[in-house]
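Any value given below was found using the heavy atoms of this structure, including those in side chains, with hydrogens, waters and symmetry copies removed.
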Amino acid sequence: PDGRPQMRKAIDPSRDQSYFLFATTRDQLDYLRFPLAGLEKPAVRGVAAELGLRIAAKPDSQDICFVPSGDYRTLIDRLRPQGREGGEIVHMDGRVLGSHSGITDYTIGQRRGLNVAVGEPLFVVKLEPELRRVVVGPREALLTASLSLDETNWLGDEANIEAAAEAGAPVLARVRSTRPPSPAQLAMTDGAVSVVFETGEEGVAPGQACALYDPADPDRLLGGGFNASTTPDSPVAAKCLTRSTLAGGCLRPIAGCWKPGPGYAGGIRILARSPASGCRCTAAFATSRPRWRARSRTGVREVIWSCCIAV
């Protein structure tokens, strides 16, 4: 409306590259042109065929453009050789489950290829390069409540992204090119721009790009930044550390406590484990009173709430 150019998604969703273009500045956008943005791939091939171009029938490339062989690990190993050093695969509760030959083989959210078996689905929830550790846990532990942005860029109506964050602007946040954008809100947290998700977002890792779109016009790219740090969705990713009426004590409290306030309720799923008996429980907070019901391998038992700690 004000005559300024906008960055918008391509008409073909499967070919849209707006996620990777979030850092395009206003000055750059003023002279950039995308002649293929309004065409789907078959139409582009048709134009190429009419022009007699040999690439008209060329198969789609699935490789990273600067890694022709497709073996990106070789490139990473050359740039970051320390990533090929072996280390431990550790459960988030502290158990050592196995070993690995380099953290470059793993990514946040990965489930396949972990080569550990504990009787429950496990996902990579954290990478600790300095300790050469791969941390795994249940799917609930992947949920992220918010992230902070670094190296930001803004194409929205506000003067800059800080002004939009101060105003609490609603956005659609896209943390991976293959994931749909999620409803969120910008905020200022400790002097940094942050993205607060309406519901926990899975598979968010530091270093990823986070592209922001306009909820009122989802095809419009507002800018974005790189994920500098994340905050876990604590209620869902909490460990419940309790004592139980199960024989031998299925669960037991340990040091450190995060306690829900009075009347705190809601369908929160908590994973807990007893080092003594090996019993595993999934508890659901079903009442505002400090009482839980847990399902274990020996059946349903009542568990008295003792202590919870966010992870």
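- When all heavy atoms of Ser229 and Ser148 are compared, the closest pair comes out as OG-OG, 2.6 Å.
- Using a 4.5 Å cut-off between side-chain heavy atoms of Ile, Leu, Val, Met, Phe, Trp and Tyr, with links allowed through other members, Val90 and Phe123 fall into different hydrophobic clusters.
- For the pair Asp105/Gln110, no side-chain contact is recorded, criterion being any heavy-atom separation below 4.5 Å from C-beta on.
- You'll find the side chain of Thr152 reaches within 4.5 Å of the side chain of Glu162, heavy atoms only.
- The two residues Thr189 and Ser194 come nearest to each other via the heavy atoms OG1-OG, 2.9 Å.
- The same ILVMFWY cluster, assembled from side-chain heavy atoms under 4.5 Å apart, contains both Tyr213 and Leu29.
- Residues Arg139 and Glu202 have side chains in contact (heavy-atom distance under 4.5 Å, counting atoms from C-beta outward).
- Note that CD1 of Ile103 and CZ of Arg133 are 12.0 Å apart. Values are rounded to the nearest 0.5 Å.
- By the 6.0 Å contact criterion, CD1 on Ile55 is open, its count of non-hydrogen atoms from other residues, nucleotides or ligands being 12 or less.
- With salt bridges taken as basic N to acidic carboxylate O contacts below 4.0 Å, one links Arg84 and Asp77.
- Judged by distance alone, the side chains of Asp27 and Thr25 never bring a donor and an acceptor atom under 3.5 Å apart.
- In this structure, the side chain of Asn153 does not engage the main chain of Leu155 through any donor-acceptor pair within 3.5 Å.
- Counting only residues at least two apart or in different chains, ring pair (Phe, Tyr, Trp, His ring centres under 6.0 Å) contacts with residues 4-25 comprise Phe22-Phe226.
- Hydrophobic clustering (side-chain heavy atoms under 4.5 Å, transitive across Ile, Leu, Val, Met, Phe, Trp, Tyr) keeps Ile11 apart from Leu221.
- The side-chain heavy atoms of Glu40 and Arg15, taken from C-beta on, include no pair separated by under 4.5 Å.
- In terms of heavy atoms, Leu122 sits closest to Val116 at CD1-CG2, 4.2 Å.
- The same ILVMFWY cluster, assembled from side-chain heavy atoms under 4.5 Å apart, contains both Ile89 and Val118.
- Salt bridge absent: Asp30 and Arg4 never bring a charged side-chain N and a carboxylate O closer than 4.0 Å.
- For the pair Asp219 (side chain) and Arg8 (backbone), a donor-acceptor distance under 3.5 Å is absent.
- Hydrophobic cluster membership for Trp154: Leu147, Leu149, Ile161, Val171, Val175, Leu186, Met188, Val193, Val195, Phe197, Val204, Leu212, Leu222 (Ile, Leu, Val, Met, Phe, Trp, Tyr linked by side-chain heavy atoms under 4.5 Å, directly or transitively).
- At least one donor-acceptor pair closer than 3.5 Å links the side chain of Arg174 to the backbone N or O of Arg179.
- Cluster annotation: Phe34 and Leu36 are assigned to distinct hydrophobic clusters (Ile/Leu/Val/Met/Phe/Trp/Tyr, side-chain heavy-atom contacts under 4.5 Å, transitive).
- Between Ala159 and Arg26 the shortest heavy-atom distance is O-NH1, 3.4 Å.
- For the atom pair CG of Leu79 and OG1 of Thr74, the computed distance is 11.0 Å after rounding to the nearest 0.5 Å.
- Atom CD in Gln82 sits 10.0 Å away from atom OG1 in Thr104 (nearest 0.5 Å).
- Taking NZ of Lys58 as the reference point, atom CG of Leu53 lies at 12.0 Å (rounded to 0.5 Å).
- Put simply, OG on Ser99 and CZ on Arg132 are 11.5 Å apart, with the number rounded to the nearest 0.5 Å.
- Nearest heavy-atom pair across Leu172 and Pro181 is CB-CB, 3.7 Å.
- Annotation for His100 and Val134: closest pair CD2-CG2, 3.7 Å, computed over non-hydrogen atoms.
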Task: From CA spacing to verdict: side chain to side chain contact (heavy atoms under 4.5 Å, CB included), Ile108, Gln208 - done: CA-CA 11 Å; Ile108 301 298; Gln208 289 174 327; 5.9 Å; no

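- Between Thr107 and Val124 there is no side-chain heavy-atom pair separated by less than 4.5 Å.
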